[in-house]
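Since the structure comes first, as structure tokens, the remarks are kept for the end.
In the text below, chain A, chain B and the rest are named by the order of the sequence lines, each starting its count at 1. Predicted model, so just to flag it, every value in this text is computed and none were measured.
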There are 2 protein chains.
Amino acid sequence: MKLKDLAQELGLSLTTVSRALNGYSEVKESTRLRVTAAAQRRGYMPNPAAKRLALGRSGYVGLVYPFGPNDLGDPSFLTVISGLRAVLEANHYELLLISEAPDDPIQSYRRVMSSGLVDGLIVARTQRHDPRLALLQEHGLPFVAHGRSELSAPYPWLDYDNELGGRLAAERLLSLGHRRIALLSADLGLTFAWQRRAGFMSALQAAQVSPQPQYLREGVFDRRSGYQAMGSLLELPTPPTAVLVDNNLSAIGVLRQIEERKLVLGRDISVIIYDALPPDTLQSKHITIVQQPDLLGAGRALAELMLRRLQGESPEQLHTLLQPLLVDGPSDGPVFSLCS
Amino acid sequence: MKLKDLAQELGLSLTTVSRALNGYSEVKESTRLRVTAAAQRRGYMPNPAAKRLALGRSGYVGLVYPFGPNDLGDPSFLTVISGLRAVLEANHYELLLISEAPDDPIQSYRRVMSSGLVDGLIVARTQRHDPRLALLQEHGLPFVAHGRSELSAPYPWLDYDNELGGRLAAERLLSLGHRRIALLSADLGLTFAWQRRAGFMSALQAAQVSPQPQYLREGVFDRRSGYQAMGSLLELPTPPTAVLVDNNLSAIGVLRQIEERKLVLGRDISVIIYDALPPDTLQSKHITIVQQPDLLGAGRALAELMLRRLQGESPEQLHTLLQPLLVDGPSDGPVFSLCS
DNA sequence: AGTATTATCCGAAGCGCTTTGATTGACAAG
DNA sequence: CTTGTCAATCAAAGCGCTTCGGATAATACT
């Protein structure tokens, strides 16, 4: 079923049928109805390759995602993807998850760029010095970064105020009287980890508390490393009395470690987690977290930025900064209690 | 940089350049070298839309994947995807993850089919009566199912011998002397859950042990439901002495429940898990599992099936059945001990 | 010597769609 | 009755690539 068939069937020209279907004004309303009805009835769907060739655009927005073995990715990011997808779809773009070559991620970006498969790209999990963004900028493919990066020229981004989040958490712990506060960070090359740490440090400095090197851990990014890092913290001669955990995945391991040692949260040690735990995690209740309240909305905003970028808007204005919130556990329980 | 530019630059015709790049025999070796060198140098990449339009195929294989909020999917399946991707790529196909519309999954399949975006589709997580497969078969788009289904006509599939796995697990528990054996199944509409249960039941029947309804639970598919199901099992007047857990995600909750009740695995209760726990899970050691030893290989095999299907091979022969293995915890410890 | 092959290469058509520029007919204005 | 205007339609070119069916020159065979 091609446009030509449809035209023949209706006794119309290709041009008219095409225009009728694409909502042009210079076609009689009655004809349009005839055409759309026929298209509906015959189940006509335009050939995307042809359309794309003619139009010079694809209607796809890409997102390169690592599907390596064991790579579960960031659970909360899946929510973002969900919102992103919804808005793109409403605007006749489809979201394509492109699997990242595990050995050479940059290569995946190269291929996507030169193939012209997508009209734009979402770049997630930005690093402070991100070769992917540099590459895209050089190449000229429209992109929106999920997380900021250090880049010479302006570029569109959506980010969370991680610095504020880090500060809020630290301030809360300080106000509870803690002075020996640990911070478990993911890889500090990742922008968000760096930012959260910066906020954390600034709060400590403002309170005249000097952060101790042995309390600052880096590269803590999954259950196991969270478990280990927490273990080693607790075995220090003077262990910290409070911990801020950078990311929710490692927080699971952290909580586990605490629980196994029969420590009581809020009494023996205080913990704040950045990002809500994955929803079906068992230890998810009653714990204070720094949260981006509306991840679905973040995804939607990301899509908006991309759409505006694709419409040719220049990147200068295309920034969205979302504010985190410090969310306490339920008020009827102690602030930092663990309850599986 | 288009083919035409390249041809002009080399003083050759479009035809020759195209053929040189695509490895046709009727082009002199020296010219081919000149052409490929020039292409390399100028960074020429064929326009996929044009190529596709001319060729009538896209070079993409699709996989519709649910990216809903909170939908982490099956962790071990990500490994399969990884192997799949690798082999497809080696054969100049790219794997496209198409995000599933959360409200109406079937709709996503409809769109993919009629858009012609992909040459073939991988269908994962098959159900016993799977409308998606029926649709694809009717439409004629090549597909390979990851898991079998009840379908009138033959179709290509890769599956695991889940029935055998269920039986092996049950037999092991029986041989340990257990008679009150519970089974926690995921949704029985899913093929794998049904198959595992069938194997489980047949082993019990063969041993003259009649399965008790209250020990057979269904719809246990995530940490939380695993936790709850296990809790309710243990509170029965006569609780089971052994449990087979259908899927690894809910197993996490099951183990958690057992641990909280201070029960010792292998002494108070025996557990066998189907599929290895996610690799960074803390409770992953020392527990007996039914495992598909080589998930990466399974992904590769899936790709092979798809490639053969795309080459026009008829579905009759395109079946791969992989054998599960019963893997004990390390021999130095008790078979069913939990060690976080 | 002339003819049949073979090795290389090229022109042009075609994939299904959009879009420019032209054509037709109807109707109002002169 | 002519001319101008506008609405509705169409023919054809073009998007970048592949490929069929020649063309040409070099080589092999009678």
Note to self: For a quick check of understanding: with a heavy-atom distance under 4.0 Å over all strands, which category does B:Ser25 fall into, base, sugar-phosphate or nothing?
What the structure shows: nothing

Notebook entry, point to check: Who pairs with A:His129 by ring pair (Phe, Tyr, Trp, His ring centres under 6.0 Å), at least two apart in sequence or on another chain?
Noted result: none

Item checked: Contacts of type side-chain hydrogen bond (donor to acceptor under 3.5 Å, both in side chains), residue A:Glu9, not counting sequence neighbours -> A:Arg42

Check: B:Ser108: what forms a side-chain hydrogen bond (donor to acceptor under 3.5 Å, both in side chains) with it, not counting sequence neighbours?
Finding: none

Donor-acceptor contacts, no H, no angles, side chain residues 16-24 of chain A, under 3.5 Å, sequence neighbours left out:
unit_1: A:Thr16; atom_1: OG1; unit_2: A:Ser13; atom_2: OG; d: 3.1
unit_1: A:Asn22; atom_1: ND2; unit_2: A:Ser18; atom_2: O; d: 3.0

Next item on the list: For A:Glu313, enumerate each residue passing the side-chain hydrogen bond (donor to acceptor under 3.5 Å, both in side chains) test, keeping only those at least two apart in sequence or located in another chain.
Entry: A:Arg308

Next item on the list: Check the angle between the aromatic planes of B:Tyr160 and B:His146 and answer parallel, tilted or perpendicular using the 30° and 60° thresholds.
Entry: perpendicular

Next item on the list: Output every pair passing side-chain hydrogen bond (donor to acceptor under 3.5 Å, both in side chains) with a member in residues 87-96 of chain A, not counting sequence neighbours, ordered by first then second residue.
Entry: A:Arg57-A:Tyr93, A:Arg85-A:Glu89, A:Glu89-B:Arg111

Give each protein N/O atom lying under 3.5 Å from an N/O atom of nucleotides 17-20 of chain D, with the pair distance.
unit_1: D:dC17; atom_1: OP1; unit_2: B:Tyr44; atom_2: OH; d: 2.6
unit_1: D:dC17; atom_1: OP1; unit_2: B:Asn47; atom_2: N; d: 3.2
unit_1: D:dC17; atom_1: OP2; unit_2: B:Leu3; atom_2: N; d: 2.5
unit_1: D:dT18; atom_1: OP1; unit_2: B:Asn22; atom_2: ND2; d: 2.9
unit_1: D:dT18; atom_1: OP2; unit_2: B:Ser18; atom_2: OG; d: 2.6
unit_1: D:dT19; atom_1: OP2; unit_2: B:Tyr24; atom_2: OH; d: 2.3
unit_1: D:dT19; atom_1: O4; unit_2: B:Thr15; atom_2: OG1; d: 3.2
unit_1: D:dC20; atom_1: N4; unit_2: B:Arg19; atom_2: NH2; d: 3.4

Note to self: Roughly what angle, to 10°, lies between the helix axis at the start of the helix from C:dG2-D:dC29 to C:dG30-D:dC1 and the one at its end, five pairs per end?
What the structure shows: 60°

Check: Can you name the residues that form a side-chain hydrogen bond (donor to acceptor under 3.5 Å, both in side chains) with A:Asp159, not counting sequence neighbours?
Finding: A:Arg148, A:Gln195

Next item on the list: Please list, chain by chain and in numerical order, all residues satisfying side chain to side chain contact (heavy atoms under 4.5 Å, CB included) with B:Asp104, sequence neighbours excluded.
Entry: B:Ile106, B:Gln107

Next item on the list: Under 4.0 Å from any heavy atom of chain A: name the first and the last nucleotide of DNA chain C that qualifies, 5' to 3'.
Entry: C:dG16 to C:dG21

Notebook entry, point to check: Quick one: side chain to side chain contact (heavy atoms under 4.5 Å, CB included) partners of A:Ala54, sequence neighbours excluded?
Noted result: none

